[in-house]
Engineer: 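Could you have a look at this structure, given as structure tokens, before my questions?
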Amino acid sequence: MKYFLYCRKSSEDEDRQVLSIESQRQEMERLSSGWRDAEIVQVYEESFSAKAPGRPVYDAMLKRIEAGDAEGIIAWHPDRLARNSIDGGRIIYLLDTKQLKDLKFATFSFENNSQGKFMLSIIFGYSKYYVDSLSENVRRGYRTKVAHGWLPGLAPLGYLNDKEAKTIISDPERFPLVQRMWQLMLTGAESPRRIWEIATQKWGLRTVKRKRIGGKPPSLSAVYRILTNSFYAGILEREGKTFPGKHQPMVTIDEFERVQQLLGRPGRARAKDREFAYTGMIRCGECGFSVTAEEKLNRYGYRYTYYHCSKRRLDYRCRQPYISVLNLERQIGTFLGEISVPEKIHHWALGRLQGVADEQKTMRDSQHASLERAQASIGKELDNLTKLRIRDLLTDEEYLAQRKELEHNAIRTAQNLKNLHQTDSWFEPAKQFISFNYRAASWFREGDLQTKRLILTIVGSNLMLKDRQLNIDVKKPFRRWSGTGDFSDLRAFVKDVRTLIRSQDAEMLQSIAGIRQLLDKQAVLRRAA
């Protein structure tokens with residue numbers, strides 16, 4: 001009979017006393033050598049917890065059993081196959097349908113009959129009970145430790161686990177470096193990305209070296225986790241409750257809340273009050289309904305944001321998958337990179353604008369002088385007209401007709417002067433627009449939720465999400481640049497910017513207002529530094 005050999009080991013508490021995968025394989029191969037008519041056709045090895053269904057290697061093995069590639073399974077113990085009711089039920093069902101004919105274990109004798117399946121189901125049930133009981137005992141121990149002021153599990157960066165006292169102590173090597181990261185963030189002058197670069201490149205910050213991991217620079221996401229972890233303020237949070245920690249804090253609670261405000265997380269709002277950057281801006285490419293967002297908490301306590309179709313259409317079932325905010329922002333960043341002018345083009349465009357502005361300034365100065373002379377002449381003519389009427393050299397009809405014409409000319413001249421001043425104001429908005437076009441991608445990477453949303457509002461429209469791909473239409477006069485672009489494209493771009501601003505285009509005016517809001521925000525950050 002053909003058998004599959006299945007070896008599994010979980011790194012979690014449930015398998016602390018279980019043989020390693022290699023030991024299981026060697027033991028079962030030794031035992032199987034003495035079994036008659038037992039042919040091992042393939043060995044399956046997997047490092048995965050069996051507390052919940054969904055083990056990829058295990059599922060693949062059972063599919064091959066159903067396909068008839070083997071008729072039996074060899075394992076060290078029944079709990080290697082199942083520690084949950086679904087996986088255990090699948091084994092029993094395969095035995096019932098004769099697709100699985102035999103099971104062999106090192107520590108348990110199985111016969112494929114009603115009594116054997118009954119005993120097997122009892123062992124599967126006991127394995128599930130063991131895991132459930134162990135999980136509850138671990139959670140109870142964690143709750144007790146937190147209530148006493150100590151964090152269970154691995155100490156965060158900047159701290160160490162005191163294995164003898166079972167407490168958390170300061171890491172003399174990393175504590176001052178992580179504390180300096182908090183101090184930099186409190187200045188408001190540096191972004192988390194910049195702090196990450198300084199800490200890893202200039203200070204040489206590295207994680208604690210352990211048996212298989214560590215000894216490397218912390219990731220950018222790890223820096224964000226540090227700056228949002230209340231543990232560093234001496235606070236422990238567990239199951240919605242807050243406890244004072246007995247470890248040495250790096251910052252005060254007030255300083256911690258200040259950092260949350262700088263990160264755009266004032267008050268650490270509850271999940272239902274959480275703000276998301278792109279809700280209300282994107283539509284589903286399949287059903288046309290809006291794309292919404294939600295925050296998920298994984299089993300390690302980390303929060304992740306996902307965007308997906310709201311699926312509110314009643315007459316159609318939308319099958320679009322979710323997309324992580326990291327993937328979504330990666331695509332937005334790529335889009336911003338495509339429309340961003342290269343540095344050389346940026347300098348050239350500003351120079352081009354300055355040249356056009358200088359030429360037009362010379363022309364405007366001449367027009368301004370001419371209009372002022374005309375305005376002064378009209379004033380003199382009105383004075384003379386009044387004198388002629390006083391001397392009765394003009395009739396009332398002649399006086400009124402000539403005065404009306406002169407007054408119209410005076411109004412026309414005043415309007416032309418006003419328009420001339422208005423045309424002089426296009427240069428600064430155009431300069432701001434082109435500078436924004438150059439810096440939008442970097443501002444987006446380093447910005448908070450409001451900044452990212454505002455940037456996307458300025459540059460894009462008709463955002464459609466389909467098959468985890470975000471399509472964005474470019475607003476005028478932004479454009480996607482291929483390579484460096486030829487000079488005709490560059491001149492056309494500068495001309496479009498100038499024309500839309502001078503024509504008081506409504507969409508362009510909204511973009512300029514948004515750009516000025518971003519510039520004001522950048523100025524505030526520079527002053528705070």
Side-chain angles (χ1 to χ4, degrees), residues 1-29 31-32 35 38-139 296-300 321:
M1 184 182 296
K2 295 180 179 180
Y3 290 83
F4 288 141
L5 172 56
Y6 180 76
C7 306
R8 181 185 66 82
K9 170 74 174 177
S10 172
S11 60
E12 300 183 19
D13 291 335
E14 63 182 70
D15 282 350
R16 289 288 170 86
Q17 306 300 323
V18 175
L19 293 177
S20 67
I21 289 178
E22 182 180 1
S23 298
Q24 292 178 45
R25 178 173 52 79
Q26 292 175 352
E27 181 69 12
M28 298 314 298
E29 287 177 344
L31 291 174
S32 63
W35 295 334
E39 177 188 358
I40 298 177
V41 294
Q42 186 167 346
V43 177
Y44 287 93
E45 298 179 355
E46 187 168 30
S47 296
F48 211 96
S49 173
K51 290 192 296 186
R55 287 171 285 159
V57 175
Y58 177 80
D59 292 340
M61 181 184 68
L62 292 190
K63 286 181 180 179
R64 291 194 62 188
I65 292 287
E66 293 171 347
D69 294 341
E71 298 171 306
I73 300 175
I74 298 174
W76 183 66
H77 189 275
D79 63 8
R80 299 301 87 201
L81 299 178
R83 283 189 183 272
N84 66 83
S85 55
I86 292 179
D87 287 343
R90 289 181 68 185
I91 294 292
I92 299 295
Y93 179 74
L94 289 174
L95 290 168
D96 288 340
T97 57
K98 308 300 182 182
Q99 292 174 293
L100 183 61
K101 295 182 179 179
D102 191 25
L103 298 172
K104 291 187 180 296
F105 305 102
T107 57
F108 175 75
S109 297
F110 169 78
E111 293 185 11
N112 191 3
N113 53 36
S114 58
Q115 184 176 4
K117 287 183 285 188
F118 173 68
M119 295 302 298
L120 183 65
S121 64
I122 290 176
I123 293 179
F124 283 157
Y126 177 77
S127 298
K128 175 172 170 48
Y129 166 75
Y130 173 79
V131 171
D132 292 345
S133 177
L134 179 64
S135 178
E136 179 57 35
N137 290 336
V138 170
R139 285 197 297 268
K296 295 290 187 180
L297 185 70
N298 70 4
R299 60 181 180 177
Y300 301 109

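Quick caveat, the model's predicted, so the values are computed rather than measured. We count residues from 1, following the sequence as given.
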Engineer: Decide yes or no for N112 and L95: does some side-chain heavy atom of the first lie under 4.5 Å from some side-chain heavy atom of the second?
Structural biologist: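 Yes, side chains in contact.
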
Engineer: How close do P56 and F48 get, counting heavy atoms only, and between which atoms?
Structural biologist: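 Residues P56 and F48, closest heavy atoms: CD-CE1, 4.1 Å.
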
Engineer: With no hydrogens and no angle check, is any side-chain donor or acceptor of Q24 less than 3.5 Å from a backbone partner on W76?
Structural biologist: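 No, Q24 side chain to W76 backbone: no donor-acceptor pair under 3.5 Å.
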
Engineer: Under a 4.5 Å cut-off applied to non-hydrogen side-chain atoms, are V43 and M28 in contact?
Structural biologist: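 Side chain of V43 against side chain of M28, heavy atoms only: no contact under 4.5 Å found.
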
Engineer: CG of D79 to CZ of F105: how many Å apart, nearest 0.5 Å?
Structural biologist: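 Reported value, rounded in 0.5 Å steps: 9.5 Å.
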
Engineer: Check salt bridge (Lys or Arg N to Asp or Glu O under 4.0 Å) between E71 and all other residues, then give those that pass, not counting sequence neighbours.
Structural biologist: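 Counting only residues at least two positions away or on another chain, E71 forms a salt bridge (Lys or Arg N to Asp or Glu O under 4.0 Å) with K101.
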
Engineer: Please tell me whether Q99 and T97 have a donor and an acceptor in their side chains that are separated by less than 3.5 angstrom.
Structural biologist: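 Q99 vs T97: donor-acceptor pair found between side chains.
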
Engineer: Which residues pass the salt bridge (Lys or Arg N to Asp or Glu O under 4.0 Å) test with E29, not counting sequence neighbours?
Structural biologist: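 E29: salt bridge (Lys or Arg N to Asp or Glu O under 4.0 Å) contacts with R25.
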
Engineer: As an exercise, state the distance from CD1 of I73 to OH of Y44, rounded to the nearest 0.5 Å.
Structural biologist: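 Those atoms lie 10.0 Å apart.
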
Engineer: Just to verify, what does E27 make a salt bridge (Lys or Arg N to Asp or Glu O under 4.0 Å) with, not counting sequence neighbours?
Structural biologist: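 Expected list: R30.
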
Engineer: Shortest non-hydrogen contact from F4 to M61?
Structural biologist: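 Result for this residue pair: CD1-CG, 3.6 Å.
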
Engineer: Return the minimal non-hydrogen interatomic distance between S32 and I74, and the atom names on each side.
Structural biologist: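 Reported closest heavy-atom pair: CB-CD1, 4.3 Å.
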
Engineer: Between M119 and F110, is there a side-chain heavy-atom distance shorter than 4.5 Å?
Structural biologist: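 A side-chain contact under 4.5 Å is absent here.
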
Engineer: I need the Y93 OH to E66 CD distance, nearest 0.5 Å.
Structural biologist: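 Spacing of OH (Y93) from CD (E66) equals 9.0 Å.
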
Engineer: For F108 and P78, work out which heavy atoms get closest and say how close.
Structural biologist: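 What the structure gives for the nearest pair is CD2-CG, 3.9 Å.
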
Engineer: Between atom CD of E46 and atom CD1 of I21, what is the distance when rounded to the nearest 0.5 Å?
Structural biologist: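 These two atoms lie 8.0 Å from each other.
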
Engineer: Answer yes or no: is there a donor N or O on one side and an acceptor on the other, between the side chain of R55 and the main chain of L81, under 3.5 Å?
Structural biologist: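 The answer is yes, because a donor-acceptor pair under 3.5 Å joins these two groups.
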
Engineer: Quick check for you: to the nearest 0.5 Å, what is the distance between L103 atom CG and Y3 atom OH?
Structural biologist: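 The CG atom of L103 sits 8.5 Å away from the OH atom of Y3.
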
Engineer: So, for D59 and R90, which heavy atoms are closest and what is the spacing to 0.1 Å?
Structural biologist: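 Heavy-atom minimum between the residues: OD1-NH1, 3.0 Å.
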
Engineer: Specify the closest pair of heavy atoms between D96 and K117, including all atoms of both residues, with the distance to one decimal.
Structural biologist: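 Looking at all heavy atoms of both residues, the shortest contact is OD1-NZ, 2.7 Å.
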
Engineer: Closer than 3.5 angstrom, by distance alone: can the side chain of R8 be matched with the main-chain N or O of R80 as a donor-acceptor pair?
Structural biologist: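 Yes, R8 side chain to R80 backbone: donor-acceptor pair under 3.5 Å.
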
Engineer: If I take atom CG from residue L100 and atom CG from residue L62, how far apart are they, to the nearest 0.5 angstrom?
Structural biologist: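 Between L100 CG and L62 CG, I get 8.0 Å after rounding to 0.5 Å.
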
Engineer: Does either side chain, that of E111 or that of N113, offer a donor lying less than 3.5 Å from an acceptor on the other one?
Structural biologist: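 E111 vs N113: donor-acceptor pair found between side chains.
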
